[in-house]
Trainee: 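Dropping the structure in here first, questions after.
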Amino acid sequence: MWVKPAFLILVEPIMIKVSLITVVLNSCNYIERTMKSVQRQDYRNIEYIVLDGGSVDGTIEIVNRNLDQVDIFRSERDKGISDAWNKGIEIASGDIIGLINAGDEYSPDSVTKAVEAIQAGADCIYGDTDLVDDNGKVISHNQGKFHPWFYSGGIGFYHPSCFATKALYNQIGGFDTNLLYAMDTDWILRATKAGGILRHAPVSVKMVSGGVSVINQFSAYGEHLQSLQKNGYGKSTAYLSMISTAVRGLSRILIKGA
């Protein structure tokens, strides 16, 4: 059973150190906007880690131009997103960790809101996400929500809006490197299964539409269902949830058409 460390309850919010991790590979058109969004945070006790997977498109040069805003920068080959995230988590020294990939952007008060929510009793929080195009124009809005019955449609929020304690990562481990798309789903399910308290918080982020899980949505969905079964949700639960998701989607279509 997960037990919250006492220091997260007793220490004042401003004293809590937050590690933000950006993993990137050949994203010269996106990396700077992410770095600037970290720079704009109104929370000051931040450790910023940038891990490059061996870019050859100018990404490294952009990071080097902004090294005064980065605490740790490494460029080395990795085995994928999960492996890169795990490397960042391992070296992070903060009490709270946020994962913000190249192209994603935090609103200026995101870290402050995340710290406040975790201080209020959560081990992991998630927020709301605007999906945007390459120019930053909002395409759609995700109002973060999480409920076991709706698992078939996803975990209900996007991972850039998620913050978790380092202690929770230490307790349940990092991301499954065997998963290419649903590694975040698997981690969240393991966290809640272990007793971690997951709550919604008023955190807002922007995420560029077209990530690997969006482009490869069918493969991602297959891994999502595998993660459900791996973490104790049988096929019947997944299929019933799929039916529930389909009915809710059809209902929305009918309501709009009425």
Side-chain angles (χ1 to χ4, degrees), residues 18-25 27 30 34 37-38 48-51 53 78 80-89 92 94 96-107 110-111 113-114 117-118 122-132 139-147 150-151 153-166 168-169 172-193 196-217 219-221 223-224 226-228 231:
V18 178
S19 295
L20 302 180
I21 301 168
T22 295
V23 301
V24 57
L25 177 64
S27 295
Y30 299 114
T34 301
S37 84
V38 172
Y48 189 32
I49 300 170
V50 178
L51 300 181
D78 55 59
I81 295 175
S82 292
D83 183 45
W85 278 349
N86 289 343
K87 287 182 177 181
I89 292 163
I96 297 173
I97 294 176
L99 302 171
I100 183 82
N101 291 345
D104 304 337
E105 300 175 77
Y106 289 128
S107 61
S110 289
V111 175
K113 296 296 186 182
I118 289 177
D123 303 302
C124 182
I125 65 95
Y126 61 90
D128 307 326
T129 304
D130 284 328
L131 291 177
V132 302
I139 300 172
S140 62
H141 176 73
N142 168 258
Q143 182 73 39
K145 55 188 176 182
F146 179 82
H147 193 287
F150 303 142
Y151 277 157
I155 54 177
F157 58 89
Y158 288 96
H159 208 81
S161 73
C162 183
F163 291 78
T165 65
K166 178 67 177 288
L168 183 56
Y169 279 108
I172 70 169
F175 296 90
D176 187 342
T177 56
N178 293 314
L179 298 175
L180 300 177
Y181 313 108
M183 66 287 281
D184 49 355
T185 294
D186 175 71
W187 191 87
I188 290 295
L189 293 177
R190 285 191 283 123
T192 56
K193 186 177 179 181
I197 298 174
L198 175 66
R199 292 177 180 168
H200 179 269
V203 171
S204 178
V205 303
K206 292 181 181 179
M207 177 179 175
V208 176
S209 180
V212 292
S213 61
V214 176
I215 296 173
N216 302 282
Q217 56 183 315
S219 296
Y221 189 62
E223 280 196 359
H224 176 77
Q226 290 175 23
S227 295
L228 288 177
N231 287 283

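Below, all heavy atoms of this structure are taken into account, side chains as well, without hydrogens, waters or symmetry copies.
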Trainee: In a check of side-chain contact (heavy atoms from CB on, under 4.5 Å) between Thr129 and each of Ser161, Ser140, Cys162, which one passes?
Mentor: Ser161
Trainee: Among Val132, Asp104, Asn142, find the residue that satisfies the side-chain contact (heavy atoms from CB on, under 4.5 Å) test when tested with Met207.
Mentor: Asp104
Trainee: Any side-chain donor-acceptor pair under 3.5 Å between Ser110 and Ser107?
Mentor: yes
Trainee: Quick check: does any side chain N or O of Asp176 sit under 3.5 Å from a backbone N or O of Met183, one acting as donor and the other as acceptor?
Mentor: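 Between the backbone of Met183 and the side chain of Asp176 there is no qualifying donor-acceptor contact (under 3.5 Å).
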Trainee: Give the minimum heavy-atom separation between Ser209 and Leu131, together with the two atoms involved.
Mentor: CB-CB, 4.5 Å
Trainee: Out of the candidates Asn101, Asp184, Asp78, only one should pair with Trp85 under the side chain to side chain donor-acceptor pair (under 3.5 Å) rule; please name it.
Mentor: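 Among the candidates, only Asn101 passes.
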Trainee: For the side chain of Thr177 and the backbone of Ser82, is there at least one donor-acceptor N/O pair under 3.5 Å apart?
Mentor: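 No.
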Trainee: For Lys87, which residues count as a side-chain hydrogen bond (donor to acceptor under 3.5 Å, both in side chains) partner, sequence neighbours excluded?
Mentor: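 So Lys87 forms a side-chain hydrogen bond (donor to acceptor under 3.5 Å, both in side chains) with Glu76.
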Trainee: Quick one: does Ser37's side chain have a donor or acceptor within less than 3.5 Å of a partner on Glu105's backbone?
Mentor: no
Trainee: Which atoms form the tightest heavy-atom contact between Leu168 and Ala191, and what is the distance?
Mentor: CD2-CB, 4.1 Å
Trainee: Check whether more than 12 heavy atoms from other residues, nucleotides or ligands sit under 6.0 Å from atom NZ of Lys206, and answer yes or no.
Mentor: no
Trainee: Taking all heavy atoms of Ala92 and all of Ile97, pick out the closest pair and write down the distance.
Mentor: CB-CD1, 4.0 Å
Trainee: On a heavy-atom basis, which atom in Gly103 and which in Thr34 lie closest, and how many Å separate them?
Mentor: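 The pair with the smallest heavy-atom distance is N-OG1, 2.6 Å.
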Trainee: Using 30° and 60° as the class boundaries, would you call the ring planes of Tyr126 and Phe157 parallel, tilted or perpendicular?
Mentor: parallel
